[in-house]
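Right, one structure below, let's go through it.
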Amino acid sequence: MQFASRISRLEDKSMLDAFEIMETEDMISFSAGTPAPDTYPIDHIAEAFDRVLKQEGRQALSYCPTSGYKKLREIIAGRMAEKFKTTYTSDEIIITGGSQQGLDMSGMLFVNKGDVVLFETPSYLGAVNALRAHEAELVAIPTDREGIETEPLKHALDRYGERVKMVYVIPDFQNPTGRSWSDARRRHFMELMSHYDVPVIEDAAYSELSFDKELRKPLAWYDKKGQVIYIGTFSKTFCPGLRVAWLCARKEIMEKYLVLKNASDLSSPSISQRQMAYYLEHYSLDDHISEICAVYKRRCDVMIAALREHFPTQVTYEAPRGGLFIWATLPEGKDARELLLRAAEHKVAFMPGSSFYPSAAKNNEFRLNFSNVSEENVKKGIAILGGVINTYLQES
Ligand SMILES: Cc1ncc(COP(=O)(O)O)c(C=O)c1O
């Protein structure tokens, strides 16, 4: 059978494997990028299901407008204005099936085969795959501790000119590094981008998962031209299973997203959106986020303490101030994929860093998730991994 050419670009199966590993029994897996299922507010979700079915059953089981459930869009617009001082109206918000759908639709909207997408690097593998599927040429832009490096970014924007169709970035508690951009870098980046007619996809999946509750202004706040497309999700702050996320764009761009969304799936499930809206109206998502951040901070602290105790000093890492990940670096020349094979024999898994590079991958880095592992298993798993690393470094 003949397959479309795009499928051959999606050969990296790391994300599929990470989901498989999560299901493997007695594996301590630091691979996933998911929140902890034990934090899901099951009772409140059950009540929301029940109430929505009883009170709004017929509408909840029908189609929904393509833009999404109006009340939910209004609540999201209000929350964003309050937390991030953005000015999006509910009509500038579309509900998507996970933010992954927003990424896919963005590729569909802006990218033709062979166009260039600039990526803050390392970056979220799901975005890399979504844009690969649209047959984009992905160009890696390096980052430092402050965020994307604006010199190489400018160089790439000038070099590729009109072929550049999008810049994709994750300014808050980035996946995979856990770092957040400084305010100065945000400002400088948006100032630079304002000279180019190129959309900026701001993926804000982790923006509210701040351990010290400090929330930074999103790029959308600095945007004077309406070139930022902001993508948010309830997957990390609430639960991924409802598949409720949103995308914000100014009116003329939003009209195009609506056409695409309609062509893609008509609308996201009405029932999930109404349940989410019910939850947001009757409970405090902020309290829930405070609770999960406290759990994640504890797990992160436990992991950092275990890394200090068990990892050799040649392995470097830094403590994040939010999000779900710690990014670690092995000495030059070492290969985290080789390390993963060895660790899996001892029933410990993590994500090798090479998967997070759209091009010119480095092989000596890896990502550790701390949110989805109990404190006890964090201690146990890191002790095992430390032993495996020590052997690996001594042998080779
Ligand atoms: C940066 C980032 N964006 C988007 C997603 C997709 O999330 P969802 O489709 O569940 O909203 C993820 C999931 O890991 C992510 O890490």
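Remember, it's 1-based here, ligands and their atoms both numbered in the order they're listed.
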In ligand 1, the atoms that come under 4.0 Å of a heavy atom of K236 are 12 (C), 13 (C), 14 (O)

If we number the atoms of ligand 1 from 1 as shown, the ones under 4.0 Å from a heavy atom of Y206 are 1 (C), 14 (O), 15 (C), 16 (O)

Closest heavy-atom pair, N372 versus P37, reported as atoms and distance to 0.1 Å, is OD1-CD, 3.0 Å

Sorted by chain and residue number, the side-chain contact (heavy atoms from CB on, under 4.5 Å) partners of Y222 (sequence neighbours excluded) come out as D183, R186, R187, M190, K217

Under 4.0 Å between heavy atoms, the region of S99 that gets near ligand 1 turns out to be both

query: Strictly under 4.0 Å, does any heavy atom of F234 approach an atom of ligand 1?
result: no

**Q.** Contact (N/O only, under 3.5 Å) between S235 and ligand 1
**A.** yes

Quick check on Q174 - does any of its heavy atoms sit under 4.0 Å from an atom of ligand 1?
no

Across all chains, not counting sequence neighbours, the side-chain contact (heavy atoms from CB on, under 4.5 Å) partners of T316 are T329

message: Quick check on R243 - does any of its heavy atoms sit under 4.0 Å from an atom of ligand 1?
response: yes

Any chance the rings of Y206 and F325 have centres within less than 6.0 Å? yes

Using a 6.0 Å distance limit plus a 45 degree cone around the ring axis, check whether R321 lies over the aromatic ring of F211.
no

If we number the atoms of ligand 1 from 1 as shown, the ones under 4.0 Å from a heavy atom of I170 are 1 (C)

In terms of heavy-atom contacts, T233 and V244 come closest through OG1-O, 3.9 Å

